[in-house]
Amino acid sequence: MSLPVRITGVGRYLPARMLTNTDLARIVDTAHEWIVTRTGIHERRIAADDETSSTMGAEAAREALASARLDPTGVDLVVTGTCTPDGMFPSTATRIQHAIGARRAAAFDVNAACTGFLSALSVGAQSIAAGTAERVVVVGSETMSRIVDWTDRTTCVLFGDGAGAVVLERAAPGEPGGVGALLLRSDGSQADAIYATGPCTPTAAALSAAALSAEAHIVMDGQAVFRAAVTALSESASDALARAGLTVDDVALCVPHQANIRILQAMARSLGLPMQRVVVNLDRTGNISSTSIPVALAEASDAGRLRPGDQVLLAAFGGGLACGAMVVEWSGVRAPAAPSAAAAGRRAET
Ligand code: ACO
């Protein structure tokens with residue numbers, strides 16, 4: 001079943017500062033060739049000292065509202081997928097809500113690690129379907145650089161910072177557009193395969209000694225996550241298509257979470273989906289957790305890769321281990337994403 005919900009606007013924000021593989025080779029014992037061969041990543045963006053998940057999320061949300069030609073006072077809900085919030089509370093969504101002037105909107109965060117955007121999209125779409133909201137801004141925003149252990153070469157080469165957003169509105173009867181399948185899963189038995197410590201991390205021995213250092217940081221069993229990711233992405237995508245009554249041949253474009261090119265290639269092989277129909281931007285962004293999908297979606301929309309009526313398959317996996325997949329019938333945004341002045345300025349510098 002597809003919910004009568006349209007994506008009417010898209011937006012994205014990537015910080016100006018670029019960190020290349022060559023830059024990383026000056027920090028840890030690694031090499032450009034190793035990173036490209038094992039992950040497909042060439043460079044990633046890193047937030048400036050004064051940037052946070054809420055400031056970047058607000059930039060992306062403003063761009064999405066401009067693309068939807070929507071006044072922020074018409075927004076009923078701001079829901080943000082993030083695992084790197086500005087603080088423990090209030091929610092990052094609350095700060096975004098204030099920054100964009102959505103003064104009538106409710107606001108809260110969803111933390112499902114890299115599946116955060118799909119989880120937030122599910123909440124937003126179901127709020128509209130249930131009649132509790134008419135217009136929702138769904139944001140994915142992450143400052144992964146603040147929880148990366150910059151001495152650990154097995155993780156620090158993978159992640160980047162940034163934000164992406166979409167505007168959801170009710171589709172009138174007969175109008176194109178829909179958000180369907182809404183498949184979300186998690187396997188808490190593998191919660192320790194990838195996790196980040198934080199201020200509330202217990203001092204019990206369940207977590208490794210490394211995890212108990214003062215700074216919050218990511219701890220990962222890369223190979224376990226890799227294996228789980230391939231299975232989770234392929235199964236979620238295939239089950240979501242079945243739930244939507246579609247086959248892989250109906251998919252115009254797949255916009256997956258961007259973690260590792262080898263994971264995406266394995267998923268595409270397993271689904272029988274040509275890579276030409278898979279959006280890949282991780283070479284320029286690295287893994288931005290819940291931001292990956294909305295940024296890739298906005299780039300695909302701006303590049304004219306999406307047409308009204310297209311079936312777009314979204315699929316994600318991440319810490320939890322959480323995974324999910326959804327099928328969006330593309331309705332076309334009202335206007336191409338128009339970068340806000342600040343975002344345009346920062347992009348011009350790059
Ligand atoms: N540079 C150079 N060498 C490295 C690096 C590096 N950056 N990192 C690891 N190595 C070395 C290892 O030490 C190892 O050396 P050894 O053979 O002497 O012991 C060798 O390279 C091979 O290491 P592997 O771990 O086997 O490398 P692998 O091919 O598995 O690639 C990687 C590692 C890229 C991390 C891969 O396992 C992966 O992508 N896993 C999934 C990670 C992921 O997607 N995480 C995000 C989840 S989403 C979320 O929730 C945030």
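Position 1 is the first residue of the sequence, and the numbers go up from there. Both ligands and their constituent atoms are indexed starting at 1 by order of listing. Every value quoted in this text rests on a predicted model; they were computed, and no experiment measured them.
A181 approaches M326 most closely through the heavy-atom pair CB-CA, 4.3 Å. A pairwise comparison of heavy atoms in A259 and I41 identifies O-CD1, 4.1 Å as the closest pair.
Applying the side-chain hydrogen bond (donor to acceptor under 3.5 Å, both in side chains) rule to T80 yields no partners; only residues at least two apart in sequence or on another chain are considered.
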Short N or O contacts of ligand 1 with protein, under 3.5 Å, listed by atom name?
{"residue": "ligand 1", "atom": "1 (N)", "partner": "T30", "partner atom": "OG1", "Å": "2.7"}
{"residue": "ligand 1", "atom": "3 (N)", "partner": "W34", "partner atom": "NE1", "Å": "3.4"}
{"residue": "ligand 1", "atom": "3 (N)", "partner": "R153", "partner atom": "NH1", "Å": "3.4"}
{"residue": "ligand 1", "atom": "7 (N)", "partner": "T30", "partner atom": "OG1", "Å": "3.1"}
{"residue": "ligand 1", "atom": "7 (N)", "partner": "R153", "partner atom": "O", "Å": "2.9"}
{"residue": "ligand 1", "atom": "13 (O)", "partner": "R153", "partner atom": "NH2", "Å": "3.0"}
{"residue": "ligand 1", "atom": "21 (O)", "partner": "W34", "partner atom": "NE1", "Å": "3.4"}
{"residue": "ligand 1", "atom": "26 (O)", "partner": "Q223", "partner atom": "NE2", "Å": "2.4"}
{"residue": "ligand 1", "atom": "27 (O)", "partner": "R38", "partner atom": "NH1", "Å": "3.2"}
{"residue": "ligand 1", "atom": "29 (O)", "partner": "R38", "partner atom": "NH1", "Å": "2.7"}
{"residue": "ligand 1", "atom": "29 (O)", "partner": "R262", "partner atom": "NH2", "Å": "3.1"}
{"residue": "ligand 1", "atom": "37 (O)", "partner": "G222", "partner atom": "O", "Å": "3.3"}
{"residue": "ligand 1", "atom": "39 (O)", "partner": "N260", "partner atom": "ND2", "Å": "2.7"}
{"residue": "ligand 1", "atom": "40 (N)", "partner": "G222", "partner atom": "O", "Å": "2.9"}
{"residue": "ligand 1", "atom": "50 (O)", "partner": "G319", "partner atom": "N", "Å": "2.6"}

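Within the structure, ring-ring contact (aromatic ring centres under 6.0 Å, His included) contacts touching residues 126-147 (residues at least two apart or in different chains) do not occur. Pairs of residues two or more places apart, or lying in two chains, that qualify as ring-ring contact (aromatic ring centres under 6.0 Å, His included) and include a residue from residues 15-74 are H32-H42.
Under the 3.5 Å distance criterion, the side-chain polar atoms of T285 are matched with a main-chain donor or acceptor of N281.
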